[in-house]
S.K.: 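This is the structure, below, for whatever I ask next.
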Amino acid sequence: MQRRRKTGTERRDGRAATPRTDFLERVYAVVRQIPPGRVTTYGRIARAVGAARSARMVGWALHRCPPDVSDVAHRVVNRNGELTGGWAWGHPAIMRALLEDEGVTFVDEFQVDLARHLWDPMEAEDTPDSRGIPEP
DNA sequence: CGTCTGACTTAGT
DNA sequence: TACTAAGCCAGAC
């Protein structure tokens, strides 16, 4: 599954614009705002925090998320609606049960109905409910 | 200290 | 439609 970049050191070096702690805080802030019964994707979160190409970092952030974020982390799925992070709960079925308990429907055993429940953090930023994302 | 992997996504072939 | 390449960046070895 590894892409195995041939040269290995070819990545661009122009980063360091976003401290990782700040990145994590932003990710967690977005995840906390996901309403019950809704789901969003890693890529959408990445875009919302200003790191559109760092979807993997979002996954990494959730892998080591604090307890409060863990409570709503099951509302984050991949762009296909699949419960890729389901094993973090021991088994994807547990994650699915959590989502179903909130009213989320599934199109497959481990695939949510994104068309019905997808929540876009970019739109929610404007709602009065947003509290974790200060203006830059 | 170098290399690979990963709760991902997009674009190209 | 399926598979490959590449981009991101922090850990584990």
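Note on naming: letters A, B, ... go to the chains in the order of the sequence lines (proteins, then strands), and numbering restarts at 1 for each one.
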S.K.: Rounded to whole angstroms, how far apart are OH on A/Tyr42 and P on B/dG6?
M.R.: 14 Å
S.K.: Which listed nucleotide (B/dC8, C/dC9, B/dT10) is nearest to the side chain of A/Met57?
M.R.: C/dC9
S.K.: Is there a side-chain contact between A/Arg56 and the phosphate of B/dT9, meaning an N or O under 4.0 Å from OP1 or OP2?
M.R.: no
S.K.: Rounded to the Å, how far apart are A/Asn80 CG and C/dT1 P?
M.R.: 12 Å
S.K.: Apply side-chain contact (heavy atoms from CB on, under 4.5 Å) to residues A/Arg64 and A/Trp60 and explain how you reach the verdict.
M.R.: CA-CA 7 Å; A/Arg64 63 173 303 288; A/Trp60 166 77; 3.8 Å; yes
S.K.: Tell me every residue that passes ring-ring contact (aromatic ring centres under 6.0 Å, His included) with A/His63, counting only those two or more places apart in sequence or in another chain.
M.R.: none
S.K.: For DNA chain B, what residues of residues 89-109 of chain A have any heavy atom nearer than 4.0 Å?
M.R.: A/Trp89
S.K.: Can you check the distance between B/dA7 and C/dT4, where both ends of the measurement are the C1' atom (answer in whole Å)?
M.R.: 22 Å
S.K.: Output all residues satisfying side chain to side chain contact (heavy atoms under 4.5 Å, CB included) with A/Val69, sequence neighbours left out; order by chain, then residue number.
M.R.: A/Tyr28, A/Val31, A/Arg32, A/Cys65, A/Pro66
S.K.: Report which part of the nucleic acid A/Ala73 touches: base, sugar-phosphate, or nothing (heavy-atom distance under 4.0 Å, all strands).
M.R.: base
S.K.: When you get a sec, tell me which of B/dA7, B/dC8, B/dT10 is the closest nucleotide to the side chain of A/Arg79?
M.R.: B/dT10
S.K.: Output the single nucleotide from C/dC8, C/dG11, B/dA7 whose closest atom is nearest the side chain of A/Trp60.
M.R.: C/dG11
S.K.: Linking directly or through intermediates, with side-chain heavy atoms under 4.5 Å: list the remaining ILVMFWY members grouped with A/Val107, chain and number order.
M.R.: none
S.K.: To the nearest Å, how far apart are A/Leu24 CG and C/dC9 P?
M.R.: 13 Å
S.K.: Output every pair passing side chain to side chain donor-acceptor pair (under 3.5 Å) with a member in residues 34-51 of chain A, not counting sequence neighbours, ordered by first then second residue.
M.R.: none
S.K.: When the P atoms of C/dA5 and B/dC4 are considered, how many whole Å apart are they?
M.R.: 15 Å
S.K.: Roughly how far, to the nearest 0.5 Å, is CG of A/Leu99 from CG of A/Asp113?
M.R.: 12.0 Å
S.K.: Mind calculating the distance between CZ (A/Phe23) and P (C/dG11) to the nearest angstrom?
M.R.: 12 Å
S.K.: Can you tell me which residue pairs pass the side chain to side chain donor-acceptor pair (under 3.5 Å) test with a partner in residues 89-105 of chain A, sequence neighbours excluded?
M.R.: A/His74-A/Glu102, A/Arg75-A/Glu102, A/Arg96-A/Glu109, A/Thr105-A/His117
S.K.: Take the protein atom CZ of A/Arg53 and the nucleotide atom C1' of C/dA10, then report the distance between them rounded to whole Å.
M.R.: 19 Å
